[in-house]
Amino acid sequence: MTMAPERTVNAVMDGREHRDPRELVPPEVFDLLVADVIKDNHVTRQYAERMMGQALVFLKAQANITRAYDADPAEWTRIVPSIPVDEGWHAFIKRSQPYLAFGEEHAGRYIHHVPVLDEDILSGAALARTIPELHATGYQVDMEFWDNEGAGCCPPECSPPGGG
């Protein structure tokens, strides 16, 4: 008999409660994504769960920015995934139906990803802007996936407001 991993309890960090990012998708979707990450990246289950959790936090932050942009275009902020988080994002995109559903639920639209590298990413400025947006989601941020990881393949037009 196979048992799904239990959802972790909300964590208290910095005096604030942070929610488990697994809550952002149905358990069966999270399990599929973790299995894909394990298979495609040859990592342990624990690492794959953490990676997918951070990919979900990143996508929730991107969704929040997209919704804010819809209300006021001046609210657009470009954020980028770290290298391992970008791998989690790629895994989610491959599961197109749940990925589309996530985007529609959280951003009100599909969350696009167009891979390119530029000076904003290479300098670390884009990743530095990303961290506060991750924390603003209220979900657990695993800084091991964000510190000294560099940024993934996100271009200036990554997740553009108009869908690029």
Side-chain angles (χ1 to χ4, degrees), residues 1-11 13 18-65 78-107 110-135 137-159 164:
M1 176 167 94
T2 303
M3 296 182 65
E6 288 185 29
R7 301 269 176 173
T8 58
V9 213
N10 293 345
M13 295 180 283
H18 298 273
R19 296 175 60 188
D20 185 340
R22 297 175 200 216
E23 297 173 2
L24 290 164
V25 294
E28 60 277 6
V29 170
F30 188 80
D31 290 342
L32 281 172
L33 296 172
V34 167
D36 290 345
V37 167
I38 291 169
K39 180 180 61 124
D40 294 343
N41 295 280
H42 310 288
V43 296
T44 65
R45 178 168 192 81
Q46 180 184 19
Y47 184 87
E49 289 175 354
R50 291 174 57 214
M51 177 195 286
M52 276 315 307
Q54 292 311 289
L56 292 170
V57 172
F58 170 78
L59 289 166
K60 177 62 174 160
Q62 185 63 64
N64 291 351
I65 290 167
R78 179 181 179 216
I79 63 171
V80 296
S82 65
I83 292 168
V85 169
D86 195 44
E87 289 299 318
W89 189 359
H90 294 177
F92 200 1
I93 290 169
K94 290 177 189 176
R95 296 287 181 172
S96 59
Q97 291 176 329
Y99 183 75
L100 176 61
F102 179 94
E104 289 174 343
E105 177 182 348
H106 297 282
Y110 184 85
I111 301 171
H112 290 274
H113 181 355
V114 184
V116 173
L117 219 49
D118 68 5
E119 185 56 35
D120 189 41
I121 291 171
L122 294 172
S123 72
L127 194 57
R129 272 194 313 277
T130 300
I131 304 304
E133 297 293 337
L134 300 174
H135 287 289
T137 67
Y139 287 90
Q140 296 168 12
V141 177
D142 185 343
M143 288 306 295
E144 287 185 41
F145 281 84
W146 299 98
D147 285 341
N148 301 314
E149 288 291 349
C153 59
C154 200
E157 64 275 9
C158 178
S159 304

Where Leu56 and Pro21 come nearest, the two heavy atoms and their spacing: CD1-O, 3.6 Å
Spatial distance of atom CZ (Phe145) from atom CG (Asp86) [nearest 0.5 Å]: 13.5 Å
Salt bridge Arg45-Asp31, side-chain N to carboxylate O under 4.0 Å: yes
Beyond-backbone contact of Val37 with Val34, side-chain heavy atoms, under 4.5 angstrom: no
Nearest heavy-atom neighbours spanning Val25 and Val29: CB-CG1, 4.1 Å
Cationic N near anionic O, under 4.0 Å, Asp36 to Lys94: no
Verdict with reasoning, Ile131 to Val141, per side-chain contact (heavy atoms from CB on, under 4.5 Å): CA-CA 9 Å; Ile131 304 304; Val141 177; 5.5 Å; no
Interatomic spacing from CD in Gln140 to NE2 in His135 - rounded to 0.5 Å: 11.5 Å
Short side-chain to backbone donor-acceptor contact, Arg95 and Leu33, under 3.5 Å: no
Worked verdict on Tyr47 versus Asn41 for side-chain contact (heavy atoms from CB on, under 4.5 Å): CA-CA 10 Å; Tyr47 184 87; Asn41 295 280; over 6 Å; no
Considering all heavy atoms, the nearest Asp120-Arg129 contact: OD2-NH2, 2.6 Å
For Ala55 against Val85, the heavy-atom pair lying closest together: CA-CG1, 3.6 Å
Asp142 versus Arg50, closest heavy-atom pair with distance: OD2-NE, 2.7 Å
Aromatic ring pairing Phe58/Trp89, orientation class (parallel under 30°, perpendicular over 60°, tilted between): tilted
Heavy-atom closest contact (Leu127 atom, Ser82 atom, distance): CD1-N, 4.3 Å
Separation between CG of Leu24 and OH of Tyr139, rounded to the nearest 0.5 Å: 4.0 Å
Spacing of Ile111 atom CD1 and Ile65 atom CD1 [to the nearest 0.5 Å]: 10.0 Å
Distance (rounded to the nearest 0.5 Å) between His106 NE2 and Thr137 OG1: 11.0 Å
Spacing of OG1 belonging to Thr44 relative to CD1 belonging to Ile38, to within rounding of 0.5 Å: 7.5 Å
Derivation and outcome, side-chain contact (heavy atoms from CB on, under 4.5 Å), residues Gln54 and Glu144: CA-CA 10 Å; Gln54 292 311 289; Glu144 287 185 41; over 6 Å; no
